[in-house]
Chemist: 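Got a structure for you, questions after.
Order of the sequence lines sets the chain letters (A, B, ...), proteins ahead of strands, with each chain counted from 1.
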2 protein chains.
Amino acid sequence: MRYSKQRNLILNILRENPVHPTAEWIFEKAREEMPGIGVATVYRNLNALVEAGEIERISGLDGVDRFDGNHMPHYHMKCNTCGRLYDLEPESQESLARMEEVIRETFPTEAVGIKLNTMLLKGTCKQCSCGEPM
Amino acid sequence: MRYSKQRNLILNILRENPVHPTAEWIFEKAREEMPGIGVATVYRNLNALVEAGEIERISGLDGVDRFDGNHMPHYHMKCNTCGRLYDLEPESQESLARMEEVIRETFPTEAVGIKLNTMLLKGTCKQCSCGEPM
DNA sequence: TTATAAGTGATAATCATTCTCGTTTATGAT
DNA sequence: ATCATAAACGAGAATGATTATCACTTATAA
């Protein structure tokens with residue numbers, strides 16, 4: 001992969017904005033700095049960066065992919081009620097990391113190498129769950 | 001929700017074909033029985049049936065949604081290597097159901113009501129994992 | 001039987017993403 | 001340094017899944 005100003009800009013935007021943006025959002029942000037940049041370039045580079053493991057793609061939301069510049073493996077949560085997408089808090093991250101270990105150890109041989117952190121957790125968030133039966 | 005021949009046909013197709021088909025596939029299948037049926041009708045009814053809890057939507061694959069007429073809560077697996085999408089075997093289903101219990105009991109209060117079975121497990125399947133490091 | 005609201009089908013529209021292709025640019029070798 | 005070349009770019013067209021529109025049909029309850 002060769003150096004390019006555009007790719008660097010896109011990567012920086014993702015590193016500096018921990019908000020799981022869409023390609024569209026990144027495109028607009030990139031234009032502010034580099035008005036001539038094209039949409040295709042943004043999509044092309046997002047794909048390349050995902051491929052290279054520099055960023056992460058979050059699919060399965062509502063048809064629009066989102067991206068995450070956070071290097072560390074971590075878990076995402078989508079609230080089915082309010083629709084919010086967010087990183088779990090550290091405590092939950094640790095909790096799930098431990099579970100993942102257990103799953104790796106005890107899961108039947110049928111499916112090997114399940115990676116929970118590539119999945120999107122779906123449920124009901126704290127705010128939305130007040131008074132709601134579980 | 002009112003009775004309609006079209007909706008019934010679509011539901012039957014899903015019940016009789018445990019293959020996680022796309023809307024397109026269901027449309028083609030439906031035409032064989034009812035040549036005049038329209039695409040919009042298929043999408044409209046798939047949405048309605050998901051909404052009504054009669055069927056399940058599987059998102060986050062490769063941009064195309066898939067549908068599942070299986071009533072029972074169960075887990076799906078997508079192999080990142082061969083791309084196959086399938087129901088886990090009964091043994092794995094049970095294993096994951098137990099884990100889900102554990103998660104419900106021990107998960108921090110931040111996110112309540114996480115439903116593992118609405119997620120798509122991603123990893124490497126048995127066939128693809130032969131000789132591959134985990 | 002009839003009123004009416006839900007469902008249908010054809011087709012146009014939407015919208016995220018990819019493709020094409022002629023031009024530009026980073027980079028390794030001379 | 002400059003050159004060759006393959007990678008990357010930008011504009012705009014194309015794709016493809018899904019949804020919206022709207023006039024017409026049909027299930028259902030009074």
Chemist: Out of C:dT8, C:dA26, D:dA8, which has the shortest distance to the side chain of A:Arg7?
Modeler: D:dA8
Chemist: Tell me: NZ of B:Lys5 to P of D:dT26, nearest whole Å?
Modeler: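 The answer, rounded to whole Å, is 8 Å.
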Chemist: Within this structure, what is the CD-to-P distance between A:Glu51 and C:dT18, rounded to whole angstrom?
Modeler: 12 Å
Chemist: For B:Arg15, what residues pass the salt bridge (charged side-chain N to carboxylate O under 4.0 Å, His left out) criterion, not counting sequence neighbours?
Modeler: B:Glu54
Chemist: For a quick test of reading the model, state the closest non-hydrogen atom pair linking A:Pro21 to A:Asn17 and the distance between them.
Modeler: CD-O, 4.3 Å
Chemist: Take the protein atom CG of B:Leu61 and the nucleotide atom P of D:dA17, then report the distance between them rounded to whole Å.
Modeler: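 To the nearest whole Å, that distance equals 14 Å.
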Chemist: Looking only at side-chain atoms of B:Asn45, point me to the closest of D:dT18, D:dA27, C:dT8.
Modeler: C:dT8
Chemist: Of the candidate nucleotides D:dT28, C:dT17, D:dT19, which contains the atom at the shortest distance from the side chain of B:Asn47?
Modeler: D:dT19
Chemist: Return the 5'-most residue of the pair B:Phe67, A:Ile37 with respect to DNA chain D, ranking by each residue's nearest nucleotide.
Modeler: A:Ile37
Chemist: If I take atom CE in residue A:Met1 and atom P in nucleotide D:dA7, what distance separates them, rounded to the nearest angstrom?
Modeler: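 In whole Å, D:dA7 P and A:Met1 CE are 13 Å from each other.
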Chemist: Without decimals, in angstroms, what is the distance between B:Asp62 CG and D:dG16 P?
Modeler: 13 Å
Chemist: Atom CG of A:Leu46 to atom P of C:dT17: distance rounded to whole Å?
Modeler: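 Roughly 9 Å, once rounded to whole Å.
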Chemist: Look at A:Ser4 and D:dC9 and indicate whether a side-chain polar atom (N or O) is within less than 4.0 Å of OP1 or OP2.
Modeler: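 For D:dC9, OP1 or OP2 has a side-chain N or O of A:Ser4 closer than 4.0 Å.
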Chemist: Within the pair B:Arg44 and D:dT19, is there a side-chain N or O less than 4.0 Å away from OP1 or OP2?
Modeler: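 No, no such contact exists.
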Chemist: Out of C:dA10, C:dT8, D:dC9, which nucleotide sits closest to the side chain of A:Gln6?
Modeler: D:dC9
Chemist: Taking only the side-chain heavy atoms of A:Tyr43 (C-beta and beyond), determine which of C:dA16, C:dG9, D:dT19 contains the nearest atom.
Modeler: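 For A:Tyr43, the side-chain atoms sit closest to C:dA16.
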Chemist: Heavy atoms only: give me the nearest A:Met1-A:Ala52 pair and the separation to one decimal.
Modeler: CE-CB, 3.8 Å
Chemist: If you find the nucleotide of DNA chain C closest to B:Tyr3 and the one closest to A:Val39, which residue's nucleotide is nearer the 5' end?
Modeler: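 So the residue in question is B:Tyr3.
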Chemist: Can you name the nearest heavy-atom pair linking B:Asp65 to B:Ser59, along with the distance?
Modeler: OD1-OG, 3.4 Å
Chemist: So what does B:Thr41 hit on the nucleic acid, given a heavy-atom distance under 4.0 Å: a base, only sugar-phosphate, or nothing?
Modeler: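 Answer is base: heavy atoms of B:Thr41 come under 4.0 Å of a base.
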Chemist: Could you state the CG-P distance from B:Leu9 to C:dG7, rounded to the nearest angstrom?
Modeler: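 One finds 16 Å between P of C:dG7 and CG of B:Leu9, rounded.
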Chemist: Without decimals, in angstroms, what is the distance between A:Met34 CE and D:dC9 P?
Modeler: 9 Å
Chemist: More than 12 heavy atoms of other residues, nucleotides or ligands under 6.0 Å from CD of B:Glu28: is that the case?
Modeler: yes
Chemist: So does A:Arg2 reach the base of C:dG28 with its side chain, donor to acceptor, closer than 3.5 Å?
Modeler: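 Not at all, since no donor on one side and acceptor on the other fall under 3.5 Å apart.
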